[in-house]
Amino acid sequence: MTKFLLTLHVLAAIVAVGPVTVAASMFPPAARRVQVDADEPDTAGIGTVRLLHRICRVYSGIGLAVPLLGFATAAAMGVLGDGWLTTSMALTAAAAGVLVAFVLPRQEELLGELTEHRAVERSGTVRLAMFTGIFNLLWATVTVLMIVRPGSTTGA
Ligand code: HEM
């Protein structure tokens, strides 16, 4: 049962967190590339930005399965109180917080501006890129913790 839950947990991380990482990283340069012209709207460019935002929104919802399956795996293994896991949970919560509070709303704002044919400020896409970087760094740290498990006496 533990192996089954762990497999689902890792699969969920790959399938859900992977696309969010790629799409969120592509969003700021894609938004910057859109040509703003009300007479001749860059529909392809705006379409790309909209799709990238949709991937981030939908797959971050699916990504909820990662901590849920993580909890189930940890409970089955009896490691819920381990320090490395508590740290991972805090970092996962921080990553989710950055995504929900900064990355997704800022993407939505930029998409709104582009849809109304307003030029986006460079500082806006730079700030978004910074928050996206923080999100990526946080969950990458969690992945390292999941594999190294400092202080754990179970497994390799
Ligand atoms: C609340 C958050 C989380 C909890 C409670 C949790 C729990 C766990 C547990 C108990 C294991 C088994 C470790 C072992 O074999 O001893 C595990 C493995 C793993 N987790 Fe998580 N996890 C969480 C979040 C994440 C996130 C955000 C990612 C990546 C995006 C992730 C990726 C992995 C990977 C790749 C493994 C396999 C490590 C290995 O077996 O070498 N986990 N997780």
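Every number for a ligand or one of its atoms is a count from 1 in the order of the listing.
Within the listing of ligand 1, atoms 10 (C) sit less than 4.0 angstrom from a heavy atom of A74. Shown in contact with V10 at under 4.0 Å from a heavy atom are these atoms of ligand 1, numbered in order with element: 34 (C), 36 (C), 37 (C). Short contacts between ligand 1 and R149, defined as distances under 4.0 Å to a heavy atom of the residue, involve ligand atoms 13 (C), 14 (C), 15 (O), 16 (O), 41 (O). With ligand atoms numbered from 1 in the order given, ligand 1 contributes 29 (C), 30 (C) to contacts under 4.0 Å with heavy atoms of A13. For ligand 1 and W84, the ligand atoms under 4.0 Å from any heavy atom of the residue are 13 (C). Each of the following atoms of ligand 1 lies closer than 4.0 Å to a heavy atom of P67: 1 (C), 2 (C). For ligand 1 and L85, the ligand atoms under 4.0 Å from any heavy atom of the residue are 5 (C), 6 (C), 7 (C). For ligand 1, the atoms lying closer than 4.0 Å to a non-hydrogen atom of T143 are 29 (C), 30 (C).
Smallest separation of non-hydrogen atoms from L91 and L145: CD1-CD1, 3.9 Å. Nearest heavy atoms, P105 versus L99: CD-O, 4.0 Å. Looking at every heavy atom in both residues, S88 comes nearest to V142 through O-CG2, 3.9 Å. Looking at every heavy atom in both residues, L110 comes nearest to G124 through CD1-O, 4.5 Å. Here the closest non-hydrogen pair linking P19 and A16 is CD-O, 3.4 Å.
Of the candidates G70, G18, A16, G70 brings a heavy atom nearest to atom 4 (C) of ligand 1. Distances from atom 41 (O) of ligand 1 to the heavy atoms of L138, T21, I147 put I147 nearest.
Note on M146: counted as a metal contact of atom 21 (Fe) of ligand 1, an N/O/S atom lying under 2.8 Å.
Residues satisfying the ring-ring contact (aromatic ring centres under 6.0 Å, His included) criterion with F131, sequence neighbours excluded, are F102.
Within 6.0 Å of the CE atom in M146, the count of heavy atoms belonging to other residues, nucleotides or ligands exceeds 12.
The closest side-chain heavy-atom distance from W139 to V20 is not below 4.5 Å.
Considering both main-chain and side-chain atoms, H9 comes within under 3.5 Å of ligand 1 through a nitrogen or oxygen pair.
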